[in-house]
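Every value quoted in this text rests on a predicted model; they were computed, and no experiment measured them.
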Amino acid sequence: INNQMQKIFDDLYKQAERIISSDTKVSKLLDEVFLKIGESSELFYKVQDSVIALARMLSSWVKGDYRNISTKSIIAVVAALIYFVNPLDLIPDFIPVIGQVDDIFVLGYLIKMLNKEIERFMAWEKEHDLHK
């Protein structure tokens, strides 16, 4: 599974690098993220707040308001959001429960990697009184 996981991450980062160069593609991704959040299953509730924070971070970054993040990290943010809306599954989603567990595992891993960035962004939001 390690090689397969690495391939998934490599694919995600390549997609993220393509998307990040286009405001239109980023906007489309953010639309998809918020649509998917609205229809997510209970399994995703654990990661939902982090996914929403990542989406807000990307949105602020695109607008040029928030720049306290490296390019490498913003690409990781985009990769996590891509995975959230369109998981490149290890186990297909049509297999009940187990099909979503791998999604949550990969997403959880990406969020854990980005935890410091999320915390820093949320502190910035609070400081600028942007999110209640």
Side-chain angles (χ1 to χ4, degrees):
I1 277 194
N2 260 354
N3 283 347
Q4 197 167 4
M5 288 293 284
Q6 192 55 55
K7 183 177 175 354
I8 285 174
F9 290 128
D10 291 347
D11 290 347
L12 284 170
Y13 278 78
K14 283 179 195 142
Q15 284 182 50
E17 286 172 338
R18 283 194 302 269
I19 286 174
I20 203 109
S21 62
S22 160
D23 287 359
T24 312
K25 287 180 182 170
V26 170
S27 291
K28 187 174 182 289
L29 174 64
L30 287 168
D31 288 347
E32 289 175 22
V33 167
F34 286 113
L35 194 68
K36 174 113 184 212
I37 287 168
E39 56 193 34
S40 289
S41 74
E42 292 160 35
L43 286 169
F44 281 103
Y45 289 164
K46 288 186 181 111
V47 295
Q48 187 170 312
D49 289 347
S50 297
V51 170
I52 292 168
L54 290 173
R56 288 196 317 265
M57 184 191 307
L58 178 59
S59 181
S60 293
W61 184 85
V62 167
K63 290 179 202 158
D65 296 338
Y66 183 73
R67 291 294 178 176
N68 190 19
I69 186 169
S70 69
T71 303
K72 186 179 174 189
S73 292
I74 202 71
I75 288 169
V77 167
V78 173
L81 294 174
I82 291 168
Y83 192 85
F84 176 68
V85 295
N86 188 12
L88 306 155
D89 286 331
L90 295 173
I91 303 166
D93 284 349
F94 64 80
I95 300 170
V97 183
I98 296 169
Q100 291 182 325
V101 169
D102 75 306
D103 296 353
I104 289 156
F105 173 76
V106 174
L107 198 55
Y109 175 79
L110 289 166
I111 286 168
K112 191 175 177 187
M113 273 179 30
L114 292 164
N115 201 38
K116 290 268 184 280
E117 294 292 354
I118 293 169
E119 287 172 10
R120 190 180 311 141
F121 172 72
M122 290 173 89
W124 175 85
E125 276 185 321
K126 201 174 224 172
E127 196 178 296
H128 291 81
D129 205 26
L130 295 173
H131 185 71
K132 305 267 184 253

**OP:** Could you tell me the separation between the NZ atom of Lys28 and the OG atom of Ser22, rounded to the nearest 0.5 Å?
**Re:** 10.5 Å

**OP:** Rounded to the nearest 0.5 Å, what's the gap from CD1 on Ile20 to NZ on Lys25? Could you check?
**Re:** 12.0 Å

Subject >> Gap separating the CD1 atom of Ile118 from the CD1 atom of Ile52, nearest 0.5 angstrom >> reply: 11.5 Å

**OP:** Decide side chain to side chain contact (heavy atoms under 4.5 Å, CB included) for Leu12 and Leu110; before the verdict, give the C-alpha distance in whole Å, the side-chain angles of both, and the deciding distance to 0.1 Å.
**Re:** CA-CA 11 Å; Leu12 284 170; Leu110 289 166; 4.3 Å; yes

Subject >> Side-chain heavy atoms of Leu114 within contact of Phe121, under 4.5 Å >> reply: no

Original post:
Are the side chains of Leu58 and Leu30 in touch, meaning some heavy atoms are under 4.5 Å apart?
Top reply: yes

Original post:
Can Val47 be reached from Leu35 by stepping across I, L, V, M, F, W or Y side chains whose heavy atoms are under 4.5 Å apart?
Top reply: no

**OP:** Evaluate the criterion salt bridge (charged side-chain N to carboxylate O under 4.0 Å, His left out) for residue pair Lys14 and Glu17; output intermediate values, then yes/no.
**Re:** CA-CA 5 Å; Lys14 283 179 195 142; Glu17 286 172 338; over 6 Å; no

Original post:
Where do Met57 and Ile69 land on the side chain to side chain contact (heavy atoms under 4.5 Å, CB included) test, with the steps shown first?
Top reply: CA-CA 9 Å; Met57 184 191 307; Ile69 186 169; 3.5 Å; yes

Original post:
What are the two closest non-hydrogen atoms of Ala16 and Ala79, and how far apart are they?
Top reply: CB-N, 3.7 Å

Original post:
How many angstroms lie between CD in Gln15 and CG in Leu81, if you round to the nearest 0.5 Å?
Top reply: 12.0 Å

**OP:** Please report the shortest heavy-atom distance between Met113 and Tyr13, naming the atom on each side.
**Re:** CE-OH, 3.5 Å

**OP:** May I ask you to test the Phe84-Ile37 pair for a side-chain heavy-atom distance under 4.5 Å?
**Re:** yes

Original post:
Under 3.5 Å, is there a donor-acceptor pair between the side chain of Ser27 and the main chain of Asp23?
Top reply: yes

**OP:** Kindly give the heavy-atom pair with the smallest separation between Ile19 and Leu29, and that separation in Å.
**Re:** CG2-CD2, 4.4 Å

**OP:** Measure the NE2-OG distance between His128 and Ser60 for me, rounded to the nearest 0.5 Å.
**Re:** 10.0 Å

**OP:** Kindly give the heavy-atom pair with the smallest separation between Asp65 and Trp124, and that separation in Å.
**Re:** O-CZ2, 3.2 Å

Original post:
Is atom CZ of Phe34 surrounded by more than 12 heavy atoms (other residues, nucleotides or ligands) closer than 6.0 Å?
Top reply: yes

Original post:
Is there a side chain to side chain contact (heavy atoms under 4.5 Å, CB included) between Val33 and Val51 once you walk through the steps?
Top reply: CA-CA 8 Å; Val33 167; Val51 170; 3.9 Å; yes

Original post:
So, Asn115 and Glu119: side-chain donor and acceptor under 3.5 Å apart, yes or no?
Top reply: yes

